[in-house]
Undergrad: 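Mind looking over this structure? Questions follow.
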2 protein chains.
Amino acid sequence: MAYPFFKKTTLIAASAMVAATLHAQETTTTRPNIILFMVDDMGWQDTSLPFGTEKTPLNERYHTPNMERLASQGMMFTQAYACSVSSPTRVSLMTGMNAARHRVTNWTLKKNTSTDLQSNTLEFPEWNVNGICQVAGIPHTAEVTSLTQLLKNSGYHTIHCGKAHWGAIDTPGENPLHFGFEVNIAGHAGGGLTSYLGEENYGNRTDGKPSPPQAVPGLDKYWGTQTFVTEALTQEALKALDKAKKLGQPFYLYMSHYAIHIPIDKDNRFYQKYMDAGLSEKEAAYAALIEGMDKSLGDLMNWLEQNNLDENTIVIFMSDNGGFSTDTRWRDAPLHTQNAPLRSGKGSAYEGGIREPMIVKWPGKVKAGTRCNNYLIIEDFFPTLLDMAQVKNRETLQPIDGVSFVPFLEGKSTGENTRNLYWNYPNRWGNEGPGIGSTCTIRSGDWKLVYYYETGKKELFNITNDLGETTDLSTQHTNIVKDLSYNLGEYLRSVKAQRPSFKTTGKACPWPDEI
Amino acid sequence: MAYPFFKKTTLIAASAMVAATLHAQETTTTRPNIILFMVDDMGWQDTSLPFGTEKTPLNERYHTPNMERLASQGMMFTQAYACSVSSPTRVSLMTGMNAARHRVTNWTLKKNTSTDLQSNTLEFPEWNVNGICQVAGIPHTAEVTSLTQLLKNSGYHTIHCGKAHWGAIDTPGENPLHFGFEVNIAGHAGGGLTSYLGEENYGNRTDGKPSPPQAVPGLDKYWGTQTFVTEALTQEALKALDKAKKLGQPFYLYMSHYAIHIPIDKDNRFYQKYMDAGLSEKEAAYAALIEGMDKSLGDLMNWLEQNNLDENTIVIFMSDNGGFSTDTRWRDAPLHTQNAPLRSGKGSAYEGGIREPMIVKWPGKVKAGTRCNNYLIIEDFFPTLLDMAQVKNRETLQPIDGVSFVPFLEGKSTGENTRNLYWNYPNRWGNEGPGIGSTCTIRSGDWKLVYYYETGKKELFNITNDLGETTDLSTQHTNIVKDLSYNLGEYLRSVKAQRPSFKTTGKACPWPDEI
């Protein structure tokens, strides 16, 4: 029944603890806000803004006034690369790793289930079919520290809006909030969407039966209205920005549209205009989908201006792979021409599958109305955004392959491309077409080598002279083929890349420098 | 126009990076799931489970069969303390800091706005009216690393359900997702609720005008139904658990009921039963509110059993402050008796304001059907839960005042209370009653000293002999008063606690050992 107040140990400990700092590592006052505006399946030509040297017929067809507006205030990148399908690109963005290393080489959806189309000849490797994860011990995932987690840790308010597609259903990575996002609007495991239409509840069932896995979640309040999903996401994003403005932190908005992925539903705000211009129903719907997306960009830019935040906000425009060009259900024939002058489209190792429309506006840093012809690749966004956000603590579970392109933004580039870029796709997508297959690829200066695992075929293109990859120069430049094959093989092995094997023999397909 | 494949620098760098580990620090296989079942404003006697030495009339009145069930499987704590109002308690839980240190000493709601009731005589200090924040630079907040963030970082799947109340509206802390929660069901800045009733949309307006700040968010799908909010939260929590079970991570569910906070709406699932038992409408509604909360506990326990997770899940039951006892609008007269045999209730420094019903079930660790009479305080939950979760990396921005009570759970206690507990409330709540005022308090062994900043009055109680704090022994034991005052003063200064000042002179009120 004593009272222990003569015991001073707790007091001493308490006093010592007072010395511990209560201040976080970073200050928040001067760091810029960042909006990464990511479009799904948008090709290099799906815009009125010419990323090539001249205005093409497709540039004439489409209307993207807000992309033009953004470009006039920032820098266009004419050779910005992603992977040829969604999940690899989005994982590289989120992790800074090349797809060959993170092994989320094809698109993800269901737990422990590969989306690879079966092949008669090839056995595909056990890639990370469950995507990425921020914790250890989840099978078939890459364990990573995400870009958003680092931004959040450093003091950014982090908003996810739209498509996530980082982890399979029923794995931790399905939920964007697992990756350091503090707001999640409509993001989940799905990489596509069942419907764009509010009238169709964005694909959600209301009869008590389970909705399909790609029904868009979280937009219930728009169900039964005529609100196209692009507009619903934009309105929700603007609300999140209104809130973000009040919080006293810099914000990161990952504005990740479901547009312009199939199904090419009609965005009736713009559809008739393209019908009137003489397009087919399918192509008018596609053009309307693009302009609806562009309106969203404009709405965000307007919000920044109205809130006097445009001077301290970086806006980055990007797409995750090439334009869809493989099915007459959604696009008019002839197929594989929808990204012309680039060859082929989504799913292909050719430029049509991997070259993206990219713009960066960064007031005070990036000279307005400029173009950069240096190439870069999606994993470069990771160190670049951390540079932009002045993040000091960058400790990650994974090694970082990406290289910051801030020097390009600052106009410090020599204009020469002196680095190798790599792709690895040891899988099989669901569609067929030129350059679509189980491939690995290297870009080195002007040259690009595509290697087909199944056949051992190698194609060599001079991208600078032959943007459309019409002329395979592999027989003319055997020494270049040999050297690029060597570098590609060495790189893939160094990052423990995966490759298919032959069903008949069970043996692994040769690396490009083994054949 | 060269190609740079003879440059091997990137290859070397890539090879070196392969050595970097891809494994997170913690493994997830054996760590227990944790459910912290936190009730709002629930008094020590608001249950059929006797936390005192005998069954009281209140214990006879209320029906909480699932608390009895939990207690039969775990350990009851008879002297578990919290703060006398919500935000200080919840911040201490989330940060491990004593309220004197974190300075969120009163309840929070609106940004930069104190909820202190004005006083004619006292000027209240500039406490952290915006609550806590995980980032630097937000005014009037304590910058902290949260319990949930550490759990999340270590690999837990973290679910928030119900009341949050960690940060003011329009500050980062209003959003539970800022603190490492990966799911947020209905949590926001509000510490109370406008309505429990689905028929009233939980207080949300549907006419386009802004909803009141304490309308419950995120439960839109139950609007217009007869679903009491307690039930809606439970159903959503069960859905989140169904999902958590699939993720392959241990989970932490913070099941934080809005019940049994005012307004005492009628939970019609149980109301008539208490009317039939002869209670008044008000008291029948209060009892029904309690039993509805208890049913939720039972539903969660059932889920654990049905999913064979009860053996590897810790369930902790706790309340955030004493039972509401200060307004005949909600409780029958006589006031301040609603927590009898404890004196006073919510808002008071007396036991009725701070002693809580607490139970811990931990299969394999805690002996079933046991009681622990050692005292503990809410900030102790922080290190305890991290111990339970085997979290290794505990780096925090803030010093930790709490002490793990795992030794109590393991039955390693000597039974003696040899530590000092501290409270500081340099504020003014919205209601009046015994022990309600601007006070600081120390508990040391059997003794408890309450000091009133405004009057300099000191009260000394022997809690072991006089649970109801009926007899002030301060004049009989002046030496104990002196020593406790000294320890209390030393402690408060050591943690840079705040105190009110006198309006007439502008001078700070004396510390308890200065008078």
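Note on naming: letters A, B, ... go to the chains in the order of the sequence lines (proteins, then strands), and numbering restarts at 1 for each one.
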Undergrad: Measuring from atom CD1 of A:Ile159 to atom CG of B:Leu177, what distance do you get when rounded to the nearest 0.5 angstrom?
TA: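 So the CD1 of A:Ile159 and the CG of B:Leu177 are separated by 12.0 Å.
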Undergrad: Measure the shortest side-chain to side-chain distance between A:Lys152 and B:Gln149 over non-hydrogen atoms and say whether it is less than 4.5 angstrom.
TA: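 When only atoms from C-beta onward are counted, B:Gln149 and A:Lys152 do touch, with a gap below 4.5 Å.
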Undergrad: Do you know the tightest heavy-atom contact between A:Leu247 and B:Pro172?
TA: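 Closest pair (atom of A:Leu247, atom of B:Pro172, distance): O-CD, 3.3 Å.
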Undergrad: Could you measure the distance from the CG atom of A:Asn184 to the CG atom of B:Asn184? Nearest 0.5 Å is fine.
TA: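 Output value for this atom pair is 11.5 Å.
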Undergrad: With only heavy atoms counted, which part of A:Lys245 is less than 4.5 Å from chain B, the side chain, the backbone, both or neither?
TA: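 It is neither, since no heavy atom gets under 4.5 Å.
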Undergrad: Provide the full list of salt bridge (charged side-chain N to carboxylate O under 4.0 Å, His left out) pairs with a residue in residues 167-177 of chain B, sequence neighbours left out, each pair given once.
TA: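 The answer is A:Lys243-B:Asp170, A:Lys243-B:Glu174, A:Lys246-B:Asp170.
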Undergrad: Between B:His178, B:Arg443, B:Lys221, which shows the greatest number of heavy-atom pairs under 4.5 Å with chain A?
TA: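 With the most close heavy-atom pairs to chain A, the winner is B:His178.
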Undergrad: Of the backbone (N, CA, C, O) and the side chain (C-beta and beyond), which part of B:Lys111 lies under 4.5 Å from a heavy atom of chain A, both, or neither?
TA: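 For B:Lys111, the side chain is the part near chain A, not the backbone.
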Undergrad: Report the residues that fulfil side chain to side chain contact (heavy atoms under 4.5 Å, CB included) with B:Asn201, sequence neighbours left out, ordered by chain and then residue number.
TA: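 B:Asn201 satisfies side chain to side chain contact (heavy atoms under 4.5 Å, CB included) with B:Asn204, B:Thr206, B:Trp223 once adjacent residues are dropped.
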Undergrad: Taking the side chain as every heavy atom from C-beta outward, state whether A:Glu182 and B:Gln134 have any atom pair closer than 4.5 Å.
TA: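 Answer no - side chains too far apart.
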